[in-house]
Every structure is written in C-alpha cells, then in structure tokens.
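Read through the structure below, which is laid out as structure tokens, and then see the notes.
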Amino acid sequence: MSVFRSRPALRWLVPSAAAVAVIGGGAAAGTIVASADPALPERTAAQLLVDLQSANPAGFSGTVVQSTDLGLPGIAGLLSNVEGGGLTSLVAGSNTARVWYAGEDKARLALLADGGETDVIRNASDVWIWKSSDNSGTHVTLPAGVGDTTKKERQALPSGVPSTPQEAADAALAAIDGTTKVDTTGAAEVAGRDAYELVLSPRDTASLVGQVRLALDATEHIPLRVDVYAKNATKPAVRVAFEQVSFEVPDAEQFTFNPPPGAKVEEVKPPADALEQHAEPGLPAKPGEAVKPGAGEAEDFKLIGEGWTTILSGKLPADAAPQELTGEEAKQFESVLGTLPKVSGEWGSGRLLSGSLFSALLTDDGRIFAGAVTPEALYAVA
C-alpha cells in the first residue's frame, strides 16, 4: 500500500530481504561499512573539531545502520519476549533506517522493523509520526517560530534505535572536557567516501569506555560513522554509521505525507510556548546537582564524580517498585530481574546488570546507580 503521495515507501528503503537479514540476524559491526586508508591532507584533531562544528550541508539522504553488542546475551534473549521483541536490538543486534535531510525544517527518518516501519517526518510546521503496523499516526502542527521538534516526535522511536551519526557524535562531543583526550588516527573510507577519524578517549582508566571514534566526511565534514569501544576491545560495542549516503538535496516530495485510507490520525496543536512545555526533565549539568522529576517519575537524580566515570544515582518512584506491578508487567519484570545476579555488601543488597560499557545496580530498597564504570565503583558509591 502506498503511504506517501509520490511513490511507495519501500522504494526509498533498504530492500526488504536486506532489512530482514540485518535486523533479524544482527549484522557484525565490522561488516557494516568498508574501511580503507585513503590519501588525505593531514589535519589535526583541533582542525577536525572546527570542521565538525561548522559543517552545514544543504541536504543529504542515506541508509543508516545501528548495531549494538553490550555483552548481555541473557538479557537480549528475555527482551525478545517483551513488547514484541523490539527492545532486543538495543542490547544485541541491529536496526536499519533511511534518512532524508533538506534543512532544519525538512527532515525524515524511516525505521525498518519486522512488523512494518515507523516514519517521523518534519516539513516546516507539520510533523508526522507514522506506524504502518497499525495504520495509525500523529499529526503535530508546530506554532510559528518553533524551530525544535516536539517531545512527542522525539519519543516516537524507541530509545537507542538508529539516529543519524550526527546525533551520536553530538552526544560524544558533549563529553569533551578535561577528562577527555582528543586525537586523530588518520583517514578511513566509509560508505564509499573519504573520511578523517577523530578519537575521544577517557583519561580516567576507571572508565569502561575505551574510545569513541568519529569518522568525518572529508568534504562535507558531517559524521559518517560513530563507534564506541569498550576498554581493551577490538570491535565496537555500539556503531551508528551510514551504509550509503548522497549529498544531493532530497526532492521536496520526500517530506510530503498523506495518510492512507482508514488511517487513525491524532491531531495535536501545541501552544505557542511549545518549546518550554515540551522540554523534558534532563540530567543535572554538574556533579552533585539534582534535577526535580515530573509527576510519577523517579525521585531526584544526581551525578556523582565527573567525566567518563560519572555515576548517576536516584530512587525509583513508589509506584514503580516490583511489589506494585501486576499481571504481565510483573511477569516480565521478574523474568528480567531473575537473570541478574544477586549482590550484597555494607551498602545493602540488590541486583547487578553488568555489560561491556556500563554497570547498573538496583538495590532492594529501590535505589539505582549506573555509569560507565565497574560494579565495584557502584558499590563504593552505594
């Protein structure tokens, strides 16, 4: 069925067979894009940072693949039974998406999944969020002057599904401070294009993160690939990369959406102060600083430490405690919780989730501690 006005949606997406192979089989991180060593003029890490922050392509389109292997095989198996298995690839597996960009007010992402596709389309003041699986969507009309997307749009896709490499790079660059070493390793080839490689490394050896590598297009300067390596690892635990990319400005029809017959569409028109109303409670900006939650959310979170070894601590809200869950939610919670080893110490007792890039501790009295650190670092804070 044709969802978009100009042509069937599948013409713009990765062929179905390839999508199923990547999503279902979990493409190995090292096989997503080719690597080479092109001859490029030398550029320092400082020059590459300037290139990255000044990049302003008129438009581009391409196929983005996100792969993850956080070293949690037991959890991945259980998540295959939760919410239709959509969470599995967030800890072990891959996701594929097509992206189109023609300026800040014209952008589109189409996420492929076994059960259909999810599209998020921004066209000036119109934002469409579409799920083909149940022929439903949301149409948001943005107020004049609103340059940001709404909270509903940002929440349309599950956390961790493929975003653009630019968004992944922004998250990595936000970590640059005195605790970060910035370097370059030379050149690479990504999606058939020459690129420079920028490397961010924690100075604190207590971090579980070994390196974050950003491959920047040699001409357009946007990130083509972002790799996150665990300490002493030879393959990335997380990769977000273009498998194919073109820097031609996409046709305007790519951002035009017409709901198909029988579609269920919710109309939303945020007020003029939408940016403030849709601002999400964020993490504290400085260690030790707390952030107040919204209704029904966890109690105050705070950051302990600094840089790559910062630990997030907080407490579950009362209605999220295991004893408050019922029915299928309780069964799913117990299934996941039951795979986590029991741990105890002077701080009390609880369950530990430990992966290649992070550790998380959930105590029996409802406290949470998490960070890119060893379990022992969490115990010390708890």
Side-chain angles (χ1 to χ4, degrees), residues 68-75 78-79 90-91 159-160 171-181 200-212 228-233 237-238 280-294 296-325 333-334 336-382:
T68 306
D69 185 358
L70 299 181
L72 299 167
I75 296 297
L78 284 171
L79 289 179
L90 303 188
V91 297
S159 175
L173 293 174
I176 294 182
D177 57 18
T179 69
T180 305
K181 179 182 178 182
L200 314 180
S201 305
R203 294 184 185 276
D204 190 338
T205 57
S207 173
L208 292 179
V209 179
Q211 290 183 336
V212 177
V228 183
Y229 288 82
K231 186 186 297 184
N232 301 321
V238 178
E280 298 176 78
L283 295 180
K286 300 177 181 178
E289 190 173 82
V291 59
K292 293 294 183 180
E297 296 179 358
E299 294 183 14
D300 292 6
F301 280 103
K302 66 177 181 179
L303 299 180
I304 302 170
E306 64 178 357
W308 299 80
T309 55
T310 300
I311 294 173
L312 175 68
S313 70
K315 190 173 178 63
L316 285 174
D319 58 2
Q323 59 269 24
E324 298 295 330
L325 300 178
F333 184 88
E334 291 298 331
V336 174
L337 196 64
T339 66
L340 305 181
K342 295 181 178 180
V343 290
S344 62
E346 295 181 0
W347 47 269
S349 60
R351 299 274 184 169
L352 176 69
L353 176 62
S354 182
S356 57
L357 285 178
F358 72 96
S359 300
L361 174 65
L362 175 60
T363 67
D364 291 338
D365 59 4
R367 292 177 294 151
I368 301 175
F369 301 90
V373 296
T374 64
E376 288 72 23
L378 299 183
Y379 301 154
V381 170

Least distance between heavy atoms, [X] atom then [Y] atom:
{"X": "Ala237", "Y": "Leu357", "value": "CB-CD1, 3.6 Å"}
{"X": "Leu208", "Y": "Ser359", "value": "CD1-OG, 4.0 Å"}
{"X": "Thr310", "Y": "Gly307", "value": "OG1-O, 2.8 Å"}

What's the separation between atom [atom1] in [X] and atom [atom2] in [Y], rounded to the nearest 0.5 Å?
{"X": "Ser313", "Y": "Leu378", "atom1": "OG", "atom2": "CG", "answer": "10.5 Å"}
{"X": "Ile311", "Y": "Glu306", "atom1": "CD1", "atom2": "CD", "answer": "12.5 Å"}
{"X": "Lys181", "Y": "Leu200", "atom1": "NZ", "atom2": "CG", "answer": "11.5 Å"}
{"X": "Phe369", "Y": "Thr363", "atom1": "CZ", "atom2": "OG1", "answer": "6.5 Å"}

Point to revise | Side-chain heavy-atom pair Leu303, Leu312 within 4.5 angstrom cut-off | key: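 The answer is yes; the side chains approach within 4.5 Å.
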Practice item. Measure the shortest side-chain to side-chain distance between Thr68 and Val238 over non-hydrogen atoms and say whether it is less than 4.5 angstrom. Key: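 The answer is yes, as the side chains (C-beta and beyond) meet within the 4.5 Å cut-off.
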Check your understanding: Do any pairs count as a side chain to side chain donor-acceptor pair (under 3.5 Å) and have a residue in residues 340-358, sequence neighbours left out, and if so which ones?
Key ->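 Sorted result for residues 340-358: Ser349-Asp364.
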**Study point:** The single option from Thr205, Asp204, Val373, Thr179 passing side chain to side chain contact (heavy atoms under 4.5 Å, CB included) against Trp308
**Key:**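 Option passing the side chain to side chain contact (heavy atoms under 4.5 Å, CB included) with Trp308: Thr179.
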Check your understanding: Restricting to pairs with a member in residues 366-376, which pass salt bridge (Lys or Arg N to Asp or Glu O under 4.0 Å), not counting sequence neighbours?
Key ->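 Checked against salt bridge (Lys or Arg N to Asp or Glu O under 4.0 Å) - neighbours excluded - the pairs reaching residues 366-376 are Asp365-Arg367.
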